[in-house]
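Each ligand, and each atom within it, is numbered from 1 in the order the structure gives.
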Amino acid sequence: MTINTLILGAGAAGLMCAAHAGPGTLIIDHAKAPGEKIRISGGGRCNFTNLYCGPENFHGQNPHFHKSALARYTQWDFIELMDRHAIAWHEKTLGQLFCDGKATQIVELLTGLTARAGADLRLETSLADLSHDGTDFVATLTSANRREVVRARNLVLATGGKSIPKMGATGLAYDIAQKFGHTVIDPRPALVPFTFSDGRFTPLAGVALPVRAETSGHSFDEAMLFTHRGLSGPVILQISSFWQEQQQITLNLAPGADAFDRLRQLRAENGRQQIATALGALLPSRLAQAVAEETALKGNLADQSDTVLRGLADRLHSWTLTPSGTEGWRTAEVTAGGVSTDAVSSKTMMSEHTPGLYIIGEALDVTGWLGGFNFQWAWSSAMAAAADI
Ligand code: FDA
């Protein structure tokens, strides 16, 4: 069979590309269903974009690569697509847009558009072999009862990153890109909880509070959650993308307050209260108790000098920790790193080594913050490729 375009991976980017790439398109996926990450994302409602999406919400080795595609297919374009197909949505917080109904509405929208565009979607289909004969890509596709050689002028790598192997994630895009001369920036789990091997936070599991978290010069203000294994919550997922092994993180547990002033004020008002009670004015009570126990200060608030209160306040505002690691690919929402953007056109997503080879979505070394940015990158990069095909 000879076709125009073969797309590998029927996830967010692959489906968006198939829906717009024109006639003669075949899209394959080894999973049973298309768009599985869309389906489970955002607690089943898919945080499909962000009102405030801009280039500053993405990182990768080339800090400019993503700009062109994001500017040409914006969050407003995807919102317009949702509106045109009467899929209701709402802003939850910080510009994050979610479906009012189910995330599967977006999967249905994209598979519907793919079918209407005349593209053929084949599930439970794998790539057994791939070469390029100087004109076309020659791909051997296998499924339970079929083995077929497909010749395609264009090949789109849309198999995503390595996060959540249980959901079918593989490094296929990296292998193929390397085969065609591209380099791969070491893929690592991102938007992922931190673990602490000493189990120090187990007693605090379930405690949540707003914090400012910082690592390697990147800081975020959002909620943090103590877990049995360590630290999670949006703020931790955000900084995890910038964290390298053995690096420290710094937490400001009372970002909106001047803890020293507050503790002095409490001492003046009621010096007889316990340290844990006073800390309870700034922190959730279980955490206040744990911090008080760890500092092991003797006596009540009135017994503490300004120097001691200053030390306590500094501890709340600047608590440094070194995570043992992260929960890894098992729970990471995305992959940082991936196919280097060095030899990929930022306008079309086409390889500069092999004409007709396109790489889109999470497979590339472009990673968005938590908050709908990774889906926007999938939509924008897919549209850039589709426009060129
Ligand atoms: P995606 O992973 O969507 O698709 C890749 C496809 O390729 C899959 O269908 C897979 O089966 C297929 N494939 C892989 N290897 C293959 C092989 N060897 N052969 C054939 N097929 C193969 N982002 C966001 O913006 N808002 C959100 O709310 C969330 N929420 C969220 C929750 C969870 C739990 C996860 C894991 C991730 C998110 N994300 C997110 C991230 C978002 O899901 C992700 O960035 C996009 O799905 C990436 O789109 P891609 O199309 O690049 O990959």
Q: For H30 and ligand 1, does the shortest N/O to N/O distance drop below 3.5 Å?
A: yes
Q: Show me which atoms of ligand 1 lie under 4.0 Å from any heavy atom of A12.
A: 3 (O), 49 (O), 51 (O)
Q: Near V334, which atoms of ligand 1 are under 4.0 Å from a heavy atom of that residue?
A: 41 (C), 45 (O)
Q: Within the structure, does E362 bring an N/O atom to less than 3.5 angstrom of an N/O atom in ligand 1?
A: yes
Q: Please list, in number order, the atoms of ligand 1 under 4.0 Å from a heavy atom of I40.
A: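 Listed by number with element: 34 (C).
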Q: With a 4.5 Å heavy-atom cut-off, do L282 and L316 have their side chains touching?
A: yes
Q: Considering the heavy atoms of F373, write down every atom of ligand 1 situated less than 4.0 Å from one of them.
A: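 Those atoms are 25 (O).
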Q: For ligand 1 and G35, I'd like to know whether there is a polar contact (N/O to N/O, distance under 3.5 Å).
A: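 So ligand 1 has no N or O lying under 3.5 Å from an N or O of G35.
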Q: So, is N47 polar-close to ligand 1, with some N/O to N/O distance under 3.5 Å?
A: yes
Q: What are the atoms of ligand 1, with element, lying closer than 4.0 Å to any heavy atom of N374?
A: 23 (N), 25 (O), 45 (O)
Q: Evaluate the criterion salt bridge (Lys or Arg N to Asp or Glu O under 4.0 Å) for residue pair K298 and D303; output intermediate values, then yes/no.
A: CA-CA 8 Å; K298 301 232 162 15; D303 298 318; over 6 Å; no
Q: What about F375 and F48, are their ring centers closer than 6.0 Å?
A: no
Q: Aromatic ring centroids of F196 and F226 under 6.0 Å?
A: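 No, ring centres 6.0 Å or more apart.
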Q: So if I count the atoms of ligand 1 from 1 in the order they appear, which ones are less than 4.0 Å from some heavy atom of G372?
A: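 Per the distance check, 24 (C), 25 (O), 26 (N).
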Q: T215 and Q248: side-chain donor and acceptor closer than 3.5 Å?
A: no
Q: Could you list which atoms of ligand 1 come closer than 4.0 Å to a heavy atom of G42?
A: 28 (O), 30 (N)
Q: Given G11, S41, A378, P34, which has its nearest heavy atom closest to atom 4 (O) of ligand 1?
A: G11
Q: Could you check whether K67 pairs with E56 (Lys NZ or Arg NE/NH1/NH2 to Asp/Glu carboxylate O, under 4.0 Å)?
A: no
Q: Any idea which protein heavy atom is nearest atom 15 (N) of ligand 1, and the distance to it?
A: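 Here the nearest protein heavy atom works out to T170 OG1, 2.6 Å.
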Q: For W379 and D77, test the side chains for any donor-to-acceptor distance below 3.5 angstrom and give the result as yes or no.
A: no
Q: Which residue from A158, G9, G43 reaches closest to atom 5 (C) of ligand 1 through any of its heavy atoms?
A: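 Shortest heavy-atom distance from atom 5 (C) of ligand 1: A158.
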Q: State the atoms of ligand 1, each with its element, that fall below the 4.0 Å cut-off from a heavy-atom position in G361.
A: 52 (O)
Q: Under 4.0 Å between a Lys/Arg side-chain N and an Asp/Glu carboxylate O for E222 and R212?
A: no
Q: How far is atom 25 (O) of ligand 1 from its nearest protein heavy atom, and which residue and atom name does that atom have?
A: F375 N, 2.8 Å
